[in-house]
Amino acid sequence: MTIADEPTIADEPILRVDGLTKEFRGPRRRGVRTTVRAVNEVSFEVRAGECLAIVGESGSGKSTLARSVLRLVEPDAGTVSFRGVDLLTLTPAQMRAERRHLQMIFQDPYASLHPRRTVSELIAEPWAVHKDVVARADREGRVKELLRQVGLPESFADDYPSRLSGGQRQRVAIARAIGVNPQLLILDEPVSALDVSIQAQIIKLLMTLREELRLAYLFISHDLALVRLVAEKVLVLYRGDVVEAGDTETIFSHPQHDYTRTLLAASPRLDGTATGEPDRSNPAPAGGVG
Ligand SMILES: Nc1ncnc2c1ncn2[C@@H]1O[C@H](COP(=O)(O)OP(=O)(O)O)[C@@H](O)[C@H]1O
Ligand SMILES: [Mg+2]
């Protein structure tokens, strides 16, 4: 279903985040409660079909940012406009309905899939909320189609997640997410919990699906080699602040901020020989990714 002669990237942003801020209560110091500003006035846009990477060391606020966009945590300030809808003003029911269009993939496919549900139940579960996505009579066939799409045999439909490997579970999580026909996937370190040999396969799948389904990605990762391969734009977070943002190749070739340079220097696979130049015309990951 790839539409070759239409541009992948439309002009209008589908997600526009402005001044997003989230504080947590921190540890007590000398009897005084501190606060941690996990996300500090962060702004960015994602266009239809675009991949924006959020990078930063552990604790820089990446997950809190992702969760705030979906209101899995409630941000303290800012706006999140998705397809022109101000998400932060929605009621819980309206927010649940809107999640059909923006889905999240978590790092840990062991924690994100209910162990007592079969693969087909897990994939079909969101259709109980989003009732108009697939007609009841078509659900069994659609589950099989989704399994094929994520590279799993149809015979997995009746298995429980405990029978599957980490990579297979992440494929189920992806099938479940794309099963509601979203426009944006928020991927929070989607391959970090997987064996290195499996990572490349899942990344390849994500890149193929993005093109086939014309999905936009908010791709969170601390793996800069991976980011360079998959993302058109990068936003660098440091202690909740955006320290740098721009086109991937510009950021990688001319990092402006010291922190970005430190991140790049710390990335073992960016020494030029290990990853080589990414080739966007060929979405298969180079050896450096897995
Ligand atoms: N639920 C929470 N309660 C208190 N502090 C939190 C909570 N979640 C995250 N934090 C703090 O917010 C900061 C950013 O965390 P996080 O968003 O998980 O970063 P990252 O995903 O980049 O590793 C860290 O200092 C973390 O300790
Ligand atoms: Mg995180």
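Each ligand, and each atom within it, is numbered from 1 in the order the structure gives.
Looking at S43 and D18, their side chains come closer than 4.5 Å, going by heavy atoms from C-beta outward. Contact check for F44 versus L15: side-chain heavy atoms found under the 4.5 Å cut-off.
Taking CD1 of I251 as the start and CZ of R228 as the end, the distance is 11.5 Å to the nearest 0.5 Å.
Shown here are the side chain to side chain donor-acceptor pair (under 3.5 Å) partners of R83, two or more places apart in sequence or in another chain: H101.
R116 CZ: 12 or fewer foreign heavy atoms inside a 6.0 Å radius.
Here S63 reaches the Mg ion (ligand 2): one of its N/O/S atoms is less than 2.8 Å from the metal.
Cluster annotation: I123 is connected to L187 through the hydrophobic network of ILVMFWY side chains, with a link wherever side-chain heavy atoms come within less than 4.5 Å.
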For ligand 1, output the ligand-protein N/O contacts shorter than 3.5 angstrom; if there are none, return none.
residue, atom, partner, partner atom, Å
ligand 1, 17 (O), T64, N, 2.9
ligand 1, 17 (O), T64, OG1, 2.5
ligand 1, 19 (O), G61, N, 3.2
ligand 1, 21 (O), S63, N, 2.9
ligand 1, 21 (O), S63, OG, 2.9
ligand 1, 22 (O), S60, N, 3.2
ligand 1, 22 (O), S60, OG, 3.4
ligand 1, 22 (O), G61, N, 3.1
ligand 1, 22 (O), K62, N, 2.9
ligand 1, 22 (O), K62, NZ, 2.9
ligand 1, 23 (O), G59, N, 2.7

